[in-house]
Amino acid sequence: QVPGVKFQIVIVSDTVPGQKPTVLFNIKDNAGNPIAPADMNSFSLMFAGPTTDYVMRQQEVATGATPVGDGNYSYTFKAEIPGYAAGSFAMGIEGYKNRTVQGVADPVRDAGFNEILYFGVTDSVPQPRKQVVDRNGCNQCHEDIGNPAGFSIHGGIRRNPQYCIMCHNPLRTDEEGRPQQFMPPESVQFKRMIHRIHTGDEQKQPYIIYRIMSGQQRIYDYSKVLFPGDRRNCEKCHVPGAQLLDFMQWGAQPTIITQAGQ
């Protein structure tokens, strides 16, 4: 019954090091009717880079974006593209609008698919991030990965693996939410996290992630996950050849775990 949410990133400008990027975008329902960012219950934009392998990201709430006509809106980040930035970056989008559905007591989240637009920082032609996993592979088990109708992730607002990796980069850990007595932190880099989760009960050391949400501590213990398949079949999830070492020469960064900046 929900009318749907569809995002489009039209263009990103002011993209050289030291500038604050401006995003031109629009939001519509499935019938093409415009939706104002201010009418969304949650709406954010995020840029990350470089696309060789992400090491930084910046996310900002953009419900206050400025209308510029033709159903488009403009938002300028408060944060700058780092002065040391080079190559290409990615701009991503996420959000949802609560809807009333007949026969359901609570509002239903109507979330959009995370569109991504790549833009050059020092590259004259933007270079996209290499695709390593195939979302269709995820959906062989999860129906519609990220969608509450299939396998909800982050409340159903993150559905595109190419968007997930913008945040779950090689430097990302659970240090912020992990109790001191359970240090050191655990990596939540996408490749490590997904491989560990799908190893589940077969791993010798448990994979436990700590997180603070709405002021409360959450514990995610993946020690009992059962994977109904053969993990040696890499192309069950990966695009063909992406698991091979020669594919990884595009600049993949090592997984780094720090504690208190050290």
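Just so you know, residue 1 is the first one in the sequence shown, and it goes up from there. Owing to the predicted nature of the structure, the values given are computational and were not obtained by experimental measurement. What you see below is based on every heavy atom in this structure, not just the backbone, and it leaves out hydrogens, waters and symmetry mates.
- Taking both residues in full, the closest heavy atoms of F77 and M46 are given as CZ-N, 4.1 Å, listed atom of the first, atom of the second, then distance.
- In this structure, the side chains of K97 and D29 stay at 4.5 Å or more apart for every pair of heavy atoms.
- Residues G32 and K28 come closest through the heavy atom pair O-CD, 3.7 Å.
- Contact detail for M91 and M166: the closest heavy-atom pair is C-CE, 4.3 Å.
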Given the rule in the side chain to side chain contact (heavy atoms under 4.5 Å, CB included) test, do E80 and Q58 qualify, once you have shown the distances and angles that lead to the verdict? CA-CA 9 Å; E80 298 178 353; Q58 180 67 41; over 6 Å; no

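- The shortest side-chain heavy-atom distance between R172 and M193 does not fall under the 4.5 Å cut-off.
- In this view, D230 and R232 satisfy the salt bridge (charged side-chain N to carboxylate O under 4.0 Å, His left out) rule, not counting sequence neighbours.
- Ring pair H198/H142 is perpendicular by interplanar angle, where above 60° counts as perpendicular and below 30° as parallel.
- Side-chain polar atoms of R129 and Q162 form no donor-acceptor pair below 3.5 angstrom.
- In this structure, I11 places its CD1 atom where only 12 or fewer heavy-atom neighbours from other residues, nucleotides or ligands lie under 6.0 Å away.
- At most 12 non-hydrogen atoms from other residues, nucleotides or ligands lie less than 6.0 angstrom from CD of Q102.
- To the nearest 0.5 angstrom, K236 atom NZ is 14.0 Å from R231 atom CZ.
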Candidate pair F43 and Y73, rule ring pair (Phe, Tyr, Trp, His ring centres under 6.0 Å), full reasoning: CA-CA 13 Å; F43 178 69; Y73 289 80; 8.8 Å; no

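- P128 places none of its side-chain heavy atoms less than 4.5 Å from the side chain of T51.
- E175 places a side-chain N or O within 3.5 Å of a backbone atom of A260 that can act as its donor or acceptor partner.
- Between the side chain of T15 and the main chain of G120, a donor-acceptor pair closer than 3.5 Å is present.
- When ring centroids are compared, F190 and Y54 stay outside the 6.0 Å threshold.
- A pairwise comparison of heavy atoms in I157 and H154 identifies CG1-O, 3.2 Å as the closest pair.
- At distances below 3.5 Å, at least one donor-acceptor pair connects side-chain atoms of N30 with backbone N or O atoms of P3.
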Evaluate the side chain to side chain contact (heavy atoms under 4.5 Å, CB included) criterion for residues H168 and I194: first the C-alpha distance (whole Å), next the side-chain angles of each, then the deciding distance (0.1 Å), finally the verdict. CA-CA 10 Å; H168 289 273; I194 298 302; over 6 Å; no

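- In terms of the salt bridge (charged side-chain N to carboxylate O under 4.0 Å, His left out) criterion, R109 has no residue partners (sequence neighbours excluded).
- Considering all non-hydrogen atoms of both residues, A62 and L45 come closest at CB-CD1, 3.8 Å.
- A donor atom on one side chain and an acceptor atom on the other are not found under 3.5 Å apart for N114 and E94.
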Pair R211-Y220, side chain to side chain contact (heavy atoms under 4.5 Å, CB included): steps then yes or no: CA-CA 8 Å; R211 194 166 179 232; Y220 300 90; 4.1 Å; yes

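- Under the salt bridge (charged side-chain N to carboxylate O under 4.0 Å, His left out) criterion, R99 pairs with D110, not counting sequence neighbours.
- For the pair D123 (side chain) and S88 (backbone), a donor-acceptor distance under 3.5 Å is present.
- Across every non-hydrogen atom of V55 and L171, the tightest pair is O-CD1, 3.5 Å.
- Open room surrounds CD on E176; 12 or fewer heavy atoms of other groups in view lie less than 6.0 Å from it.
- No donor-acceptor pair under 3.5 Å is formed between the side chain of S187 and the backbone N or O of T173.
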